[in-house]
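We name chains A, B, ... by the order of the sequence lines, and we start the count at 1 in each one.
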2 protein chains.
Amino acid sequence: MGFNQLDPLLHSQLRLAVMSLLISVETADFVFIKEQTESTAGNLSVQLDKLSTAGYIEIIKQFEGKKPKTTCKITPKGVDAFDTYVKEIQQYLKP
Amino acid sequence: MGFNQLDPLLHSQLRLAVMSLLISVETADFVFIKEQTESTAGNLSVQLDKLSTAGYIEIIKQFEGKKPKTTCKITPKGVDAFDTYVKEIQQYLKP
DNA sequence: TAAAGTAGTTTATTTTATAAACCAAATACA
DNA sequence: TGTATTTGGTTTATAAAATAAACTACTTTA
C-alpha cells in the first residue's frame, strides 16, 4: 500500500474545482468560473495564476466589446495532471 | 451542479492518509502510522492532535513496558466525516 | 557512564488560502 | 453633465495551515 504524494497544486479546493470544471467544459471565462466555484474574485485570480504558471491552464485576455474578458482553457499537461491526481487520491478514498 | 465544501480537516494529505489508514485498521499506534504515511513525527503529532480535537479519532497514551505508546482509533464521528468527504470529493473528480 | 536510539512534543518557519483594498473603464441615474 | 455604481479584474495584507527544526524525557547499548 503506502500513500502516494498528491500534487499540491491540485490538492487545493478551489484549484481542483477550477480544473474539474475546465475538464468538462474545455474553456470558461473568469466570471463563469467565479460563479460556478462560488469563489471571490481575488482568490480566483490568484489561483488561476498558479495553474497558469504550472502550465495546467492557458489564460487568454481579450476584450468583449469594451469589457475585458479572461478566458481559461485546460492544457494537455493540465489534463494529465488532473487524471494522475484522480488516480492518486482514489488510493486514499478506498482503502 | 456546484462544488460542495470539502471538510478542511480532511482535505489535508497527511490527515486524510491517517483517516484512510484508521478506517481500514481500526486502531494503530504512532510509529506504525508514521511509517505507513511516511511522515515526520512532528508533523504527525500536530495532525493527530487536530483530528483528536475534532473528535475524529481517539488518542490513547499508555506504556508498553517502559516505552510510551500512543494508540489511535477512529471514532464513529470520524467514520461519518470520512464517508462524507469521500462522497463530496467524488463530485470534483468525475465531472 | 557516555553515546545513541526511541517516542514523542513544542516552537519556529515557510507556504497557502483568504480577505481587503485598490484600479480602470463602463454604465446608470438624478 | 457629472457623480455614483457596477463590472472585471489585480495587488497587497492578513490569517491559517503545513512542515521542519529543535527540544524533552526516558531507555538501551557499548
Side-chain angles (χ1 to χ4, degrees), chain A residues 3-21 27-54 56-73 81 85 88-89 92, chain B residues 3-22 27-54 56-73 81 85 89 92:
Chain A
F3 297 95
N4 43 26
Q5 195 65 17
L6 297 174
D7 183 345
L9 241 130
L10 293 183
H11 197 64
S12 135
Q13 183 163 180
L14 182 49
R15 290 194 301 268
L16 189 62
V18 169
M19 292 294 284
S20 176
L21 194 62
T27 79
D29 63 51
F30 190 94
V31 175
F32 180 72
I33 298 175
K34 180 174 172 299
E35 282 166 6
Q36 292 294 309
T37 59
E38 290 170 81
S39 57
T40 61
N43 192 12
L44 184 57
S45 180
V46 170
Q47 307 311 328
L48 288 180
D49 255 18
K50 287 183 188 174
L51 290 172
S52 169
T53 298
Y56 288 2
I57 67 170
E58 194 188 347
I59 298 179
I60 305 119
K61 281 163 201 297
Q62 309 154 257
F63 274 83
E64 179 101 321
K66 292 171 179 181
K67 288 181 189 169
K69 187 176 188 183
T70 299
T71 306
C72 301
K73 190 177 185 321
Y85 176 84
E88 282 171 347
I89 201 166
Y92 290 73
Chain B
F3 298 95
N4 43 25
Q5 194 68 15
L6 298 174
D7 182 346
L9 242 129
L10 293 183
H11 196 64
S12 135
Q13 182 162 180
L14 182 49
R15 289 194 300 267
L16 188 62
V18 168
M19 293 294 283
S20 176
L21 193 64
L22 291 179
T27 80
D29 64 50
F30 191 94
V31 175
F32 179 73
I33 297 174
K34 181 175 172 297
E35 281 166 4
Q36 292 294 309
T37 59
E38 292 171 79
S39 58
T40 60
N43 192 12
L44 183 56
S45 180
V46 171
Q47 306 311 327
L48 288 180
D49 254 20
K50 287 183 188 174
L51 290 172
S52 168
T53 298
Y56 288 3
I57 67 171
E58 193 190 344
I59 298 179
I60 305 120
K61 284 163 200 297
Q62 311 155 255
F63 274 83
E64 178 101 320
K66 291 172 180 179
K67 286 180 190 169
K69 187 175 188 183
T70 299
T71 306
C72 301
K73 189 175 186 326
Y85 176 84
I89 200 167
Y92 289 72

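Taking each heavy atom of B:L22 and B:C72 in turn, the nearest pair found is CD2-O, 3.7 Å.
Residues B:L16 and A:F3 fail the side-chain proximity criterion, which asks for heavy atoms closer than 4.5 Å. Within the 4.5 Å cutoff, the side chain of B:I60 has no heavy atoms near those of the B:T70 side chain. Side-chain atoms of A:F32 and A:T27, non-hydrogen and from C-beta on, never get closer than 4.5 Å to each other. A:M19 has its side chain within reach of A:L10: a pair of non-hydrogen atoms, C-beta onward, lies under 4.5 Å apart. Side chains of A:T71 and A:Q62 form a contact here, defined as non-hydrogen atoms less than 4.5 Å apart.
In this structure, A:E64 places its CD atom 14 Å from C1' of C:dA26, rounding to the nearest Å. For the pair B:I59 CD1 and C:dG8 C1', the computed distance is 12 Å after rounding to whole Å. D:dA18 atom P lies 5 Å from atom CD of B:Q47, rounded to whole Å. Atoms CG (A:L51) and P (C:dT16) sit 13 Å apart, rounded to a whole Å. Counting to the nearest Å, the P atom of C:dT9 and the NZ atom of B:K50 are 14 Å from each other. Going from atom CZ of B:F32 over to atom P of C:dG8 covers 14 Å, rounded to whole Å. Taking atom CZ of residue A:F63 and atom C1' of nucleotide C:dA26, one finds them 11 Å apart after rounding to whole Å. In this structure, the CD atom of A:E38 is 13 Å from the P atom of C:dA19, given to the nearest Å.
At a cut-off of 3.5 Å, with distance as the only test, no side-chain donor of A:N4 or A:Y92 sits close to an acceptor on the other residue.
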Show which side-chain atoms of residues 42-51 of chain A pair as donor or acceptor with protein atoms under 3.5 Å away, not counting sequence neighbours.
| residue | atom | partner | partner atom | Å |
| --- | --- | --- | --- | --- |
| A:N43 | OD1 | A:Q47 | NE2 | 3.1 |
| A:Q47 | OE1 | A:R15 | NH1 | 2.5 |

Heavy-atom protein contacts under 4.0 Å, nucleotides 1-11 of chain D, coded B base, S sugar-phosphate only, - none: -------SBBB

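Rounded to the nearest 0.5 angstrom, B:Q5 CD and B:H11 NE2 are separated by 10.0 Å.
Within residues 9-16 of chain A, the residues that have a heavy atom under 4.0 Å from DNA chain C are, in order of number, A:S12, A:R15.
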